[in-house]
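Presented below is the structure to which this report refers.
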There are 2 protein chains.
Amino acid sequence: MINKYFTQRTSVRSFSSKNVPEEIIEAIVSAAAKAPTCGNMQLYTIIETRKTDLKEKLAEQHFNQPAAATAPVILTICADFNRFSQWCEISDAAPGYNNFHSFIVALTDAVIMAQQITTIAEMEGLGTCYLGTVNYNAENISKLLELPDLVVPVASLAIGYIEKESEPTERLPLNAILHKEAYRHDSEEEIKALFKEKEDFPANKEFVQINKKPNLAHVFTEIRYPKEMNEAVSSSFLELLKKKGFA
Amino acid sequence: MINKYFTQRTSVRSFSSKNVPEEIIEAIVSAAAKAPTCGNMQLYTIIETRKTDLKEKLAEQHFNQPAAATAPVILTICADFNRFSQWCEISDAAPGYNNFHSFIVALTDAVIMAQQITTIAEMEGLGTCYLGTVNYNAENISKLLELPDLVVPVASLAIGYIEKESEPTERLPLNAILHKEAYRHDSEEEIKALFKEKEDFPANKEFVQINKKPNLAHVFTEIRYPKEMNEAVSSSFLELLKKKGFA
């Protein structure tokens, strides 16, 4: 009964050179704005990048990954308490949103919006891909997009017409992610069983082999998301939150 | 051309007593798991609360707001690096996810998942409502749901059959939230114009009157989201992040 789009979707990393008209992005964002938002404050701003020189500079900040390099449009979704705070000040009301909790609320609003844009764009036949690199160079991206205080980039979406569909990827079994009434504290054997299908997935096995690692977990901890990198991004991102007034 | 569901949806705060079968929640979560996720790590766990005594205790942590009190099911979506880190350890790979950046990545994954569940549930005819109060009592909620280290509740959804549809709410004009190529630094007059429709919206005018405030912004800064409250939640939530190992 559930619309097949949801069970069959995959992210797209290869876009055709065909342009996506501005009106289409506007229609998608306009519809997506009906997504849930905390207190109806709409604590996000979406920056649309399509000018060649700016897009090249932005793609560079995303390490020129194929999705960023080939997409005709990149949307940077920012957590934004600037517009709302300005409105409060104009209204002689004292805003109190320069704190960590307010950042988390705006981040949540922004990610809900990013996902709504993703769903609507994909249902309209476009391809999309989150650029998970948005946090890595968040300060450079902020400068490039001229973001003011209380505005921080938190999600980036490459959008375009699909050049090449991606292969479907595997997911954990449902009982790994859905727990009843309380968190289920699994044993080592149970955790092993939950990840078995992922470890046996052909593309993952190939990944292990190419990288000459003993198993898939090592690919994650040593190549894709190593501790030193996570700690470096923690520092730089926290620094940006302070600079932008969310400390 | 965009599916009318997206432009017409509203959150629901009044649920009928009709039960939502477990199989329906399972089908929704299973389909939603195909949503984008960072590195296909699925850094979330969803706790389903439906037993009366637990649901009452959980609703209490959400200040017994009508959506929490009347819904037959509450889903608490948690940012979860525990399962993935356990799997790394079992695999003799050293996980490096006890840091702030990893929390932000897991939070993003969890909110994407929450929004995908929302969309699928609503398209299936169910009503949903985010309980924005999840951060306020995050530590008590963590205890109630027996959350281990590296697991933090970040989004709560009340789900059920609709007793009473909500009135449609207003949104800011598109140019408030969509900026082209760079952040648009608006003047006071421009900000005023962007919020005019919101201030003129009948339900908001009524809200100002009932609360005897000079204007809508004062309702937000003095009643709904005051500075002292935001700062108190900042402290308690940061404290929880430390306790759970995401410091």
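Reminder, nothing fancy here: chain letters follow the sequence lines and each chain counts from 1. All figures in this text were calculated on a predicted structure; none of them were measured in a lab.
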Between [options], which shows the greatest number of heavy-atom pairs under 4.5 Å with chain A?
options                                : value
B:Cys38, B:Ala32, B:Pro168, B:Gly39    : B:Gly39
B:Ala217, B:Ala176, B:Ser102, B:Ala31  : B:Ala217
B:Cys88, B:Ala27, B:Ser91              : B:Ser91
B:Ile104, B:Val219, B:Leu144, B:Thr118 : B:Ile104
B:His185, B:Lys213, B:Lys192           : B:His185
B:Ile74, B:Ile77, B:Val29, B:Thr128    : B:Val29

Of the backbone (N, CA, C, O) and the side chain (C-beta and beyond), which part of [X] lies under 4.5 Å from a heavy atom of chain B, both, or neither?
X        : value
A:Phe246 : neither
A:Met1   : both
A:Arg184 : neither
A:Phe103 : side chain
A:Leu43  : neither
A:Ile90  : side chain
A:Phe237 : side chain
A:Leu58  : neither

Please check if the side chain of [X] supplies one atom and the backbone of [Y] the other of a donor-acceptor pair under 3.5 Å.
X        : Y        : result
B:Asn230 : A:Gly96  : yes
A:Ser234 : B:His101 : yes
A:Gln86  : B:Ile191 : no

For residues 80-98 of chain A, pull every pair meeting salt bridge (charged side-chain N to carboxylate O under 4.0 Å, His left out), keeping only residues two or more places apart or in separate chains.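 Only A:Asp80-A:Arg83 qualify under salt bridge (charged side-chain N to carboxylate O under 4.0 Å, His left out).
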Applying salt bridge (charged side-chain N to carboxylate O under 4.0 Å, His left out) as the test, list every pair that has at least one member in residues 32-43 of chain A; sequence neighbours left out. none
Answer with side chain, backbone, both or neither: which region of B:Leu107 has an atom nearer than 4.5 Å to a non-hydrogen atom of chain A? side chain
Closest non-hydrogen atom pair between [X] and [Y], with its separation:
X        : Y        : result
B:Glu124 : A:Ile2   : OE2-CA, 3.4 Å
A:Ala35  : B:Arg9   : C-NH1, 3.7 Å
A:Ile47  : B:Ala182 : CG2-N, 3.8 Å

Per the side-chain contact (heavy atoms from CB on, under 4.5 Å) rule, which among B:Lys55, B:Lys51, B:Glu48 passes with A:Glu181? B:Lys51
Based on non-hydrogen pairs under 4.5 Å, which of [options] is most in contact with chain B?
options                              : answer
A:Asp186, A:Ile25, A:Thr119          : A:Thr119
A:Pro148, A:Pro95, A:Ala33           : A:Pro148
A:Glu199, A:Glu122, A:Met113         : A:Glu199
A:Cys78, A:Ser30, A:Ala94            : A:Ala94
A:Leu174, A:Asn135, A:Thr221         : A:Thr221
A:Leu54, A:Ile120, A:Thr108, A:Thr49 : A:Ile120

Give, for atom [atom1] of [X] and atom [atom2] of [Y], the distance between the pair rounded to the nearest 0.5 Å.
X        : Y        : atom1 : atom2 : result
B:Leu172 : A:Met41  : CG    : CE    : 11.5 Å
A:Tyr130 : B:Asp109 : OH    : CG    : 9.5 Å
A:Thr45  : B:Leu178 : OG1   : CG    : 9.0 Å
B:Met123 : A:Asn3   : CE    : CG    : 6.5 Å
A:Ile177 : B:Ile46  : CD1   : CD1   : 4.5 Å
A:Phe220 : B:Ser85  : CZ    : OG    : 12.0 Å

Please examine the side chains of A:Tyr183 and B:Leu145, heavy atoms only from C-beta on, and report whether any two atoms are closer than 4.5 Å.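 When only atoms from C-beta onward are counted, A:Tyr183 and B:Leu145 do not touch, as no gap falls below 4.5 Å.
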Using the ring of each side chain (for Trp, its six-membered ring), is A:Phe195 parallel, tilted or perpendicular to B:Trp87, with breaks at 30° and 60°?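 Answer is parallel, since the angle falls under 30°.
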Show your reasoning for whether side-chain contact (heavy atoms from CB on, under 4.5 Å) applies to A:Phe100 and B:Leu238. CA-CA 8 Å; A:Phe100 182 66; B:Leu238 272 169; 3.5 Å; yes
Does anything in residues 169-179 of chain B pair up under side-chain hydrogen bond (donor to acceptor under 3.5 Å, both in side chains), and if so which pairs, sequence neighbours excluded?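 Matches after skipping sequence neighbours: A:Asn40-B:Glu170, A:Asn40-B:Arg171, B:Thr169-B:Arg171, B:Glu170-B:Lys198, B:Glu170-B:Asn204.
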Using heavy atoms and a sub-4.5 Å threshold, report which of residues 222-229 of chain A line up against chain B, by residue number.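 A:Arg224, A:Tyr225, A:Lys227, listed by number.
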Does B:Glu188 CD have over 12 foreign heavy atoms under 6.0 Å away? no
A:Glu26 bridged to B:Lys180 by N-O distance under 4.0 Å: yes
